[in-house]
Amino acid sequence: MFAKLFRRKVASINPIVVAHLNVRSQPLQRGEFFEDPLEELLAAEGMGSVVGGGTRLADEPAGISSCDIEISLKDTDPGTIQKIILILENLGAPKGSEIRIEGRVPAPFGATEGLALFLNGTDLPREVYESADVNATLSGLSNAMTGKGMFLGHWEGSRETALYFYGASFDAMKEAALAYTASDPLCRQCRFEQIA
């Protein structure tokens with residue numbers, strides 16, 4: 001309880017910066033891949049702390065549009081903001097992300113490209129769905145993309161399930177994914193979309 005009160009007090013004194021991430025991640029993945037490591041690095045540098053975050057939903061078929069991380073900083077000097085950007089890019093923040101500070105023009109950043117793989121959830125034969133294991137599919141795709149892309153989130157809609165991967169090159173991730181999807185019945189009629 002006291003930690004929460006202290007965190008709110010710090011947030012009210014220090015300026016708040018919003019890191020708007022062009023990443024489609026569920027709250028748990030947002031915390032695991034971005035918020036928690038960012039919090040550790042901010043604390044180690046004595047720069048500030050993460051005070052909040054959110055995942056923005058979108059209509060089908062997109063599912064998730066982006067994530068925000070609210071950061072309380074001791075200062076918003078250009079050097080400090082550049083450090084935040086470098087940290088987030090090293091954590092895999094995608095192209096199309098930006099730092100938002102009230103009264104300033106947003107600062108764009110991002111290092112990775114994004115691939116969404118949409119699995120067809122309605123049009124395949126019933127026996128495919130009965131025998132399929134989406135976790136095995138995810139594991140196979142992740143193995144195929146080793147060194148090229150990393151799974152950072154998912155979304156389940158009424159007709160499709162989306163798996164979101166991020167890496168240096170959309171084309172390289174798609175090529176690796178295609179090598180796997182050809183042998184997985186659950187990936188029949190899947191589609192790809194570049195999302196960053």
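Residue numbers run from 1 in the order of the sequence given. Model, not experiment: these values are computed from the prediction.
Atom-to-atom distance recorded for L21:CG and I99:CD1 is 8.0 Å, nearest 0.5 angstrom. The NZ atom of K83 sits 11.0 Å away from atom CG of L42, with the distance rounded to the nearest 0.5 Å. For the atom pair K74 NZ and S49 OG, the distance stands at 9.5 Å (nearest 0.5 Å). With rounding to the nearest 0.5 angstrom, the CD atom of Q29 is 10.0 Å from the CE atom of M150. Rounding to the nearest 0.5 angstrom, the gap separating the SG atom in C67 from the CZ atom in F34 is 8.0 Å. Between atom CG of residue N14 and atom CG of residue L73 there is a gap of 7.5 Å, rounded to the nearest 0.5 Å.
Judged purely by distance below 3.5 Å, without hydrogens or angles, the side chains of T137 and D184 pair a donor atom with an acceptor atom. In summary, the side chains of S65 and R24 do not present any donor paired with an acceptor at a separation below 3.5 Å, with no hydrogens or angles considered.
Contact record, T80 with M47: CG2-CE, 3.8 Å, taken as the closest heavy-atom pair. Of all non-hydrogen atoms in L91 and P37, the two that sit nearest each other are CD2-CB, 3.8 Å. Shortest non-hydrogen contact noted between Q189 and N120 is OE1-ND2, 3.4 Å. Heavy-atom minimum distance, G92 versus T112: O-OG1, 3.0 Å. When all heavy atoms of V23 and P94 are compared, the closest pair comes out as CB-CG, 3.8 Å.
Among residues two or more places apart in sequence or in another chain, the side-chain hydrogen bond (donor to acceptor under 3.5 Å, both in side chains) test is passed with T161 by none. Not a single salt bridge (Lys or Arg N to Asp or Glu O under 4.0 Å) links R188 to another residue, sequence neighbours left out. Partners of T181 according to the side-chain hydrogen bond (donor to acceptor under 3.5 Å, both in side chains) rule, which considers only residues two or more places apart in sequence or in another chain, do not exist here. Applying the side-chain hydrogen bond (donor to acceptor under 3.5 Å, both in side chains) rule to E98 yields the partners R100; only residues at least two apart in sequence or on another chain are considered. For P61, the side-chain contact (heavy atoms from CB on, under 4.5 Å) test picks out E160, R191, with sequence neighbours left out. With sequence neighbours left out, S66 forms a side-chain hydrogen bond (donor to acceptor under 3.5 Å, both in side chains) with no residue at all. Remark: D36 pairs with no residue by the side-chain contact (heavy atoms from CB on, under 4.5 Å) rule, at least two apart or across chains.
Looking at Q26, its side chain does come within 3.5 Å of a backbone N or O of H154 through a donor-acceptor pair.
Follow the hydrophobic side-chain contacts under 4.5 Å out from L86 and you never reach Y166; the two are in separate clusters. By the rule that hydrophobic residues join a cluster once side-chain heavy atoms approach within less than 4.5 Å of another member, L38 and V18 end up as members of separate clusters. I71 and F33 fall within the same hydrophobic cluster, defined by Ile, Leu, Val, Met, Phe, Trp and Tyr side-chain heavy atoms under 4.5 Å apart, directly or through other members.
Residue pairs meeting the salt bridge (Lys or Arg N to Asp or Glu O under 4.0 Å) criterion with at least one partner in residues 49-71, sequence neighbours excluded, are R56-D68. Listed by first and then second residue, the salt bridge (Lys or Arg N to Asp or Glu O under 4.0 Å) pairs involving residues 110-135 are K95-E113, D123-R159 (not counting sequence neighbours). Listed by first and then second residue, the salt bridge (Lys or Arg N to Asp or Glu O under 4.0 Å) pairs involving residues 170-183 amount to none (not counting sequence neighbours).
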Fill in: Test log, rule side chain to side chain donor-acceptor pair (under 3.5 Å), inputs N22 and S97
CA-CA 5 Å; N22 185 28; S97 301; 5.8 Å; no
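Counting heavy-atom neighbours within 6.0 Å of E156 CD, excluding the residue itself, gives a total of 12 or less.
Hydrophobic side-chain contacts under 4.5 Å tie V105 to no other Ile, Leu, Val, Met, Phe, Trp or Tyr residue. With a 4.5 Å cut-off between side-chain heavy atoms of Ile, Leu, Val, Met, Phe, Trp and Tyr, the cluster of L141 takes in L115, L117, L119, L124, V128, Y129, V134, L138, M145, F151, L163, F165, F170, M173, L178, Y180, L186, F192.
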